[in-house]
Amino acid sequence: MRSHLCGDLRAENVGGIVTLCGWVGRRREHGEHLAFLDLRDFSGVVQCVVDNKVDVRSEWVVQIKGKVNLRPAGTVNENLPTGKVELTDCEIQVLNNAEPPPFPIDQRGDDVDENVRLKYRYLDIRRERMQKNLRLRAAVNSAIRKSMESQGFTEIETPLLMPSTPEGAREFLVPSRNEPGSFYALPQSPQLWKQLLMVAGLDRYYQIAKCLRDEDLRADRQYEFMQLDAEMSFVDKDDVMSMISTAVVAAAKAATGVEPPPIERMSWHDAMNNYGSDKPDIRFEMKLIEMTKTFSSTSFKAFAGAESIKGICVRAAEFPQQAASGRNKLDALTDRAKKMGAKGLVWIKVGEVNALDSPVAKFFSADEQSALLSQTGAKSGDLILIVADSWSTTCNVLGQLRNDLGRPPVHEGPYRYVWVVDFPLFVGVNPTTNKPQPGHHPFCHPHPEDLDRLETDPLSVRALAYDLVLNGWELGSGSIRIHEPDLQRRVFRQLGISDTDADTRFGFFLQPFKYGAPPHGGFAFGIDRLVAILAGEENIREVIAFPKTQSGSDPMTNAPTTVNAAQLQELGIRLLPPAAK
RNA sequence: GGUCCCGUGGUGAAGUUGGAGUUCACGCCGCCCUGUCAAGGCGGAGGUCGCGGGUUCAAGUCCCGUCGGGACCGCCA
């Protein structure tokens, strides 16, 4: 139907007769003898010169046969790749007419309410921004596949219908028709399958896999999302990190044209200690400053005896607005700190000649005051925030405040990838069972150097686990897995899962490990998140063709919907009446 | 489950101390216009101010509730 694409026409095509297909963009009418219309397809826009008798309107679908001409001197449009040429002697065939679109199919669509964009997603995707994002996504997928294949990985598809394993994220359930009362679960990730593929001797597996989690949605979370899922045998964690780095770097280069520098590493402890987060955004400083010793003999009661005292310094030179926060804002920060579990928040404004302006400054000795200034390097106009609490609370609260005050939008500035390594095997204690909780998942291999403390001091045991972080977003995580049945039982016992429990819940998964499981490990990272950041978007919905809203609905299809009684009957499902109010 | 922000013709906004569905830009329809490119000029149509209640002589505006959207906390092994 067409000989060329709209966006491809250049001066070299001048003189040629071409046939184009596309949508009518804007029309500029100059009386009955002259009108310009912009013809648009996915490749771009070209100007067609017509008389004003053809009745074509915005978003009509047309086929135009015409002659490519140089534009007359003075009428070149430098802003358009096709701006040197135009189509003349146009024969227009209307392939389909169209109602006026509910919003402009151009940049102005960016300002339209997202609900409206999603209701008419097929029109939203006609816009350049979405076309660009979706094609960028395809380029990233393609680069990842190439990279994984060149590193010897084999793409294997794994089932979407699998048994429920209630640990971890809430699952989507699918009722079975053949066995009423029984359910499949949709995979939170292909975790179990890929480990079985290692037992099966597949050696290196990967998949760009759909994962489903029935948890509340966020800017970086959808019910359905895509992961690069990979697993490999006979490797250590450096092998895994190196291969995933290779794939990520290849994807980033395909998307941006620039190869990122080698990805740096940081221990989990350093990340928490210095940035107050296990997904540190290292695009900006405002690091946590250690002050426990400074106040070790303080007479200020809120600080006395605290396990950990740390502060952040909000520098007026970098963050003038935040550093100058007024009482309302400081109270709000204090509330935020308290909601996160801190007993309080001490704020200190540094005035002229190092005068400390704070409700509690009078409780600090002269030595403490000068140490405070020298440690933070605070200057006039800066704001210091201090938390005194347990180490983890202090770090978490200050890390959150650091992000609140200093973090730029995720897509701004440089790409700062960082591997966070040496995660603890267990994070905290389950308040109901009084047992440690897995930091990653229960199949994660403890650090060999810490194995002797697994029973005596489990919370101090490190895991062979690692996260990949980009600009403060967790892209993904991985670990070396436990391949020894004995060690797996020891870890389960720490988690409060008895041998018989383990057999009931994970039997199908544990049984195979008795038949010669190779040492193995792997990784998975979120494609949606990576693509969003590389596309300069701060929200993964912008790189997903048909996403859900924050409440999990689709304004276009109205999903989720009720189903008819016969469908429920067939599945053996009876609904409860709506909860009484 | 919780906190905060938003909801006004098709789209985006403005709407003051409560005083007539008022205003602006784009789009749409019609007319004019031979070099525009977010063309320009003139005219016109188009709204249950998300929905429900309350206060008031009077509510887009104040209060309560509710629905929808967004950001975040919880949650996401």
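To find a chain, count down the sequence lines: A is the first, B the second, and so on, and within it residues start at 1.
Across A13(B) and U8(B), the matching C1' atoms stand 10 Å from one another, rounded to whole Å. Nucleotides G10(B) and A45(B), compared at atom C1', are 12 Å apart to the nearest Å. Rounded to the nearest Å, the gap between the P atom of G19(B) and that of G12(B) is 26 Å. Using P as the reference atom, U23(B) and G47(B) are 14 Å apart when rounded to the nearest Å. To the nearest whole angstrom, the two P atoms, one in U11(B) and one in G18(B), are 29 Å apart. Taking atom P in both G27(B) and A39(B), one finds a spacing of 7 Å when rounded to whole Å. C29(B) sits 23 Å from U22(B) when the C1' atoms are compared, rounded to a whole Å. For the P atoms, the distance from G9(B) to G1(B) is 30 Å, rounded to whole Å.
Base engagement by E29(A) is indicated by at least one non-hydrogen atom pair under 4.0 Å involving a base atom. Residue P102(A) is classed as a sugar-phosphate contact, given heavy-atom separations below 4.0 Å to backbone atoms only. At the heavy-atom level, D216(A) lies under 4.0 Å from base atoms of the strands shown. R117(A) comes within contact range of no nucleotide atom at all, as no heavy-atom separation falls under 4.0 Å. Counting any heavy atom pair closer than 4.0 Å across all strands shown, N539(A) reaches sugar-phosphate atoms only and no base atom. Within 4.0 Å (heavy atoms only), R213(A) reaches sugar-phosphate atoms of the nucleic acid but no base atom. Contact annotation for E86(A): base contact, defined as any heavy-atom pair under 4.0 Å involving a base atom. Among the protein residues, Q191(A) comes within range of the nucleic acid bases, having at least one heavy atom under 4.0 Å from a base atom. Residue contacts for E114(A): at a heavy-atom cut-off of 4.0 Å it reaches the sugar-phosphate backbone alone, with no base atom in range. R57(A) comes within 4.0 angstrom of the backbone, heavy atoms only, and of no base. Within 4.0 Å (heavy atoms only), N77(A) reaches at least one base atom of the nucleic acid. Contact annotation for T165(A): no contact, since no heavy-atom pair falls under 4.0 Å across all strands. Looking at heavy-atom distances under 4.0 Å, T549(A) makes contact with sugar-phosphate atoms alone, never a base.
If you find the closest nucleotide of RNA chain B to P438(A) and to V112(A), the one lying nearer the 5' end belongs to V112(A).
Taking the six-membered ring where the residue is Trp, F319(A) and F284(A) present perpendicular rings, their angle passing 60° and hence far from 30°. Taking the six-membered ring for Trp and thresholds of 30 and 60 degrees, Y223(A) and F172(A) have ring planes more than 60 degrees apart, a perpendicular arrangement. Ring geometry for W268(A) against F423(A) counts as tilted: the plane angle lies between 30° and 60°, on a 0 to 90° scale.
Nucleotide U66(B) has G50(B) as its partner under the Watson-Crick or G-U criteria, with both atom distances under 3.5 Å. In this entry G9(B) has no Watson-Crick or G-U wobble partner, no candidate having both defining distances under 3.5 Å. Pairing partner, G19(B): C57(B), with both Watson-Crick or wobble hydrogen-bond distances short of 3.5 Å. Searching all strands for a Watson-Crick or G-U wobble partner of C76(B) with both distances below 3.5 Å returns nothing. Across all strands shown, U3(B) forms a Watson-Crick or G-U wobble pair with A71(B), both key distances being under 3.5 Å.
The aromatic ring of H30(A) sits over the base of A39(B), with ring centres less than 5.5 Å apart and planes inclined by under 30°. With centroids closer than 5.5 Å and planes inclined by less than 30 degrees as the test, F103(A) and the base of U11(B) fail to qualify as a stacked pair.
Checked for salt-bridge contact, E114(A) and R541(A) meet the test: a charged N lies under 4.0 Å from a carboxylate O.
The distance from atom CZ of R26(A) to atom C1' of G40(B) is 13 Å, rounded to the nearest whole Å. The CD atom of Q222(A) sits 12 Å away from the P atom of G69(B) (whole-angstrom rounding). Atom CG of D38(A) is separated from atom C1' of A39(B) by 11 Å (rounded to the nearest Å). In this structure, CZ of R27(A) is placed 12 Å from P of A39(B), rounded to the nearest angstrom. Regarding K84(A), its NZ atom lies at a distance of 18 Å from the P atom of C37(B), rounded to whole Å. We find that CD of E32(A) is positioned 8 Å from P of C32(B), with the value rounded to whole Å. Atom CD in Q47(A) sits roughly 10 Å away from atom P in A38(B) (whole-Å rounding). Going from atom CD of Q550(A) over to atom P of C67(B) covers 16 Å, rounded to whole Å.
Residue T75(A) places none of its side-chain N or O atoms closer than 4.0 Å to OP1 or OP2 of C37(B). Applying the 4.0 Å criterion to OP1 and OP2 of A71(B), one finds that R541(A) has a side-chain N or O inside that range. Residue T82(A) has no polar side-chain atom (N or O) positioned under 4.0 Å from OP1 or OP2 of C37(B). Considering only side-chain N and O atoms, Q188(A) lies nowhere under 4.0 angstrom from the phosphate OP1 or OP2 of C76(B). Applying the 4.0 Å criterion to OP1 and OP2 of C73(B), one finds that R218(A) has a side-chain N or O inside that range. Contact between the side-chain N/O atoms of R28(A) and the OP1/OP2 oxygens of U36(B) is not found at any separation under 4.0 Å.
The base of C4(B) is not paired with the side chain of R336(A) by any donor and acceptor separated by under 3.5 Å. Judged by distance alone, with hydrogens and angles left aside, R108(A) brings no side-chain donor or acceptor close enough to the base of C26(B) to form a pair under 3.5 Å.
Geometric assessment of R126(A) against the ring of Y120(A) yields a negative cation-pi assignment under the 6.0 Å and 45° thresholds.
Taking every side-chain heavy atom of F36(A) into account, G35(B) is the closest of G35(B), U11(B), G27(B).
What you find for L288(A) and G399(A) is that their closest heavy atoms are CD1-N, 4.4 Å.
At most 12 non-hydrogen atoms from other residues, nucleotides or ligands lie less than 6.0 angstrom from NZ of K119(A).
There is a side-chain donor-acceptor pair under 3.5 Å between N52(A) and R27(A).
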Quiz item: Could you go step by step and tell me if R129(A) and E537(A) meet the salt bridge (Lys or Arg N to Asp or Glu O under 4.0 Å) rule?
Solution: CA-CA 10 Å; R129(A) 175 192 189 181; E537(A) 300 287 1; 2.8 Å; yes
